[in-house]
Amino acid sequence: TKTELPSGKTGNISVTLNGDGTYKVEIKDYQNSKLPTFIPPHNDDSDYTFKISGEKVSSAVIDGQTIISTEKYNNGNPLDMSVIVKNIADEPINTELVDSSDKIVEIGGTKYIKATEDEIFNLKDIYKNGTPSSFDKDGSEVLSIKITLPTGVTMIDGKKYHVDGNDYVIKSTDLENIKLQFPKNFSGNTGDIKLKYITTETEKENSSKTHFEQTVKLFVTPVAEAEISKSTTGDEDVPFKVDFNISYKNGDNNETLESVWIKASDITSKDFTLYIGNGEDKVAVTTLTPNAYGYYELTSTQWTNIYAENT
């Protein structure tokens with residue numbers, strides 16, 4: 001049973017506050033089977049010296065009288081007991097990852113943190129509550145993060161943090177400068193980024209502790225850069241095909257044209273008519289029903305078969 005005695009007495013134990021800010025703890029009828037326990041203050045690795053005094057008490061009954069004799073240990077001079085408090089590296093805090101809908105995309109039941117094609121990604125943006133740190137904020141501990149990047153993902157100016165292969169080690173205070181780069185025109189799942197957290201004491205024993213490993217999943221959102229042809233020419237009074245050809249940009253040839261919307265007011269009551277088809281069954285685009293935004297929304301079968309004729 002543990003009993004806390006800031007000042008006072010319980011049973012055979014008394015605590016007295018000395019005038020110099022120290023305490024005197026007196027234990028009568030001390031039992032080796034009931035050892036006292038000292039717990040240092042939270043996050044305090046200071047060493048302590050206890051002054052220990054003891055007294056041996058003997059008693060005997062002689063002719064019906066109890067005779068008690070006492071003898072002080074060490075002739076009454078207190079003995080020093082050194083208590084060495086070993087520092088222990090604390091758990092890291094603020095390692096929770098972002099989870100808001102504007103920063104997360106869910107694909108096939110798996111949640112990914114969003115990045116953007118051909119844009120630099122700041123690693124600090126994966127964290128929900130700011131920069132991770134050690135729980136002990138008095139400067140006596142350093143939080144390091146080991147980062148293992150998937151193939152193809154690189155760290156900009158990461159040479160000074162590079163350890164081996166795809167591994168890098170940074171201090172949490174370096175996160176502001178850690179920027180990741182993806183292959184040009186890449187979009188999709190980057191592969192897992194592995195993070196491992198290590199706290200290290202900078203004082204006394206310099207103890208170190210490796211904590212949990214964290215998996216970060218990034219999904220690079222594609223950016224459509226291609227443009228369609230902005231003009232088509234043809235002969236007067238002759239139907240000619242309107243080509244919606246794609247002009248690729250920055251070497252990204254993986255983009256396709258999925259739909260074409262034509263604003264209804266731009267082609268209604270004009271000196272030309274747009275048709276779907278060029279035969280007897282051709283249909284004027286203006287006979288279609290505009291969508292809720294006022295546009296004619298063409299399918300791929302329709303927009304690949306658009307003809308114009310002046311009226």
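Worth knowing before you read on, the calculation uses all heavy atoms, side chains too, and leaves out hydrogens, waters and symmetry mates. Note that the structure is predicted; figures quoted are calculated from it, not measured.
- Under the 30°/60° scheme for interplanar angles, the aromatic rings of Trp261 and Tyr295 are found to be tilted.
- Side-chain polar atoms of Lys179 and Asn122 form a donor-acceptor pair below 3.5 angstrom.
- Residues Phe186 and Val220 come closest through the heavy atom pair O-CG1, 3.4 Å.
- Considering all non-hydrogen atoms of both residues, Ile27 and Pro36 come closest at CD1-CG, 4.5 Å.
- Paired with Tyr296 under the rule side chain to side chain contact (heavy atoms under 4.5 Å, CB included), one option of Asp266, Thr289, Val260, Thr286 passes, and it is Thr286.
- Between Glu309 and Lys282 there is a salt bridge, since at least one side-chain N of the basic residue sits less than 4.0 Å from a carboxylate O of the acidic one.
- Within a 6.0 Å radius of CG in Asp157, other residues, nucleotides and ligands contribute 12 heavy atoms or fewer.
- Of the residues Leu288, Thr304, Leu274, the one that meets the side chain to side chain contact (heavy atoms under 4.5 Å, CB included) test with Leu298 is Leu288.
- Of all heavy-atom pairs spanning Asn189 and Leu218, the tightest one is OD1-O, 3.4 Å.
- Within the 4.5 Å cutoff, the side chain of Val83 has heavy atoms near those of the Phe50 side chain.
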**Report entry** Worked verdict on Thr215 versus Asp192 for side-chain hydrogen bond (donor to acceptor under 3.5 Å, both in side chains)
**Finding:** CA-CA 6 Å; Thr215 299; Asp192 292 346; 5.1 Å; no

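- Of all heavy-atom pairs between Pro222 and Phe219, the closest is CD-CE2, 4.5 Å.
- In this pair, Phe182 and Phe121 present their aromatic rings tilted. The plane angle is within the 30 to 60° band.
- For the pair Asp63 and Gln65, the minimum side-chain heavy-atom distance is 4.5 Å or more.
- The side-chain heavy atoms of Val216 and Leu195, taken from C-beta on, include a pair separated by under 4.5 Å.
- The number of heavy-atom neighbours closer than 6.0 Å to CZ of Phe38, taken from other residues, nucleotides and ligands shown, is above 12.
- Looking at heavy atoms from C-beta onward, Thr110 lies in side-chain contact with Lys217 at the 4.5 angstrom threshold.
- Between Thr210 and Lys196, the closest side-chain pair of non-hydrogen atoms falls below 4.5 Å.
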Query raised in the report: Hey, mind stepping through Tyr307 and Phe240 against ring-ring contact (aromatic ring centres under 6.0 Å, His included) and telling me if it holds?
Result: CA-CA 5 Å; Tyr307 289 82; Phe240 56 89; 8.6 Å; no

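- The number of heavy atoms from other shown groups lying within 6.0 Å of NZ (Lys114) is above 12.
- In the hydrophobic clustering of ILVMFWY residues, with side-chain heavy atoms under 4.5 Å counting as a link, Val105 and Ile126 come out apart.
- One hydrophobic cluster holds both Leu175 and Ile147 under the rule that ILVMFWY side chains link at heavy-atom gaps under 4.5 Å.
- Asp125 is not listed as a side-chain neighbour of Val98, based on a closest heavy-atom distance of 4.5 Å or more.
- When only modelled atom types and interatomic distance are considered, Tyr197 and Gln214 share a side-chain donor-acceptor pair under 3.5 Å.
- Between Val25 and Ile13 the shortest side-chain heavy-atom distance falls below 4.5 Å.
- Counting heavy atoms from C-beta outward, Leu143 and Pro132 have side chains that approach closer than 4.5 Å.
- Residue-environment remark: CD (Glu176) stays at or below the threshold of 12 foreign heavy atoms within 6.0 Å.
- At a threshold of 4.0 Å, the pair Asp243-Lys241 counts as salt-bridged, since one of the basic side-chain nitrogens sits closer than that to a carboxylate oxygen.
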**Report entry** Residues Asp80, Lys51; criterion salt bridge (charged side-chain N to carboxylate O under 4.0 Å, His left out); working and verdict
**Finding:** CA-CA 5 Å; Asp80 287 344; Lys51 298 290 186 181; 2.7 Å; yes

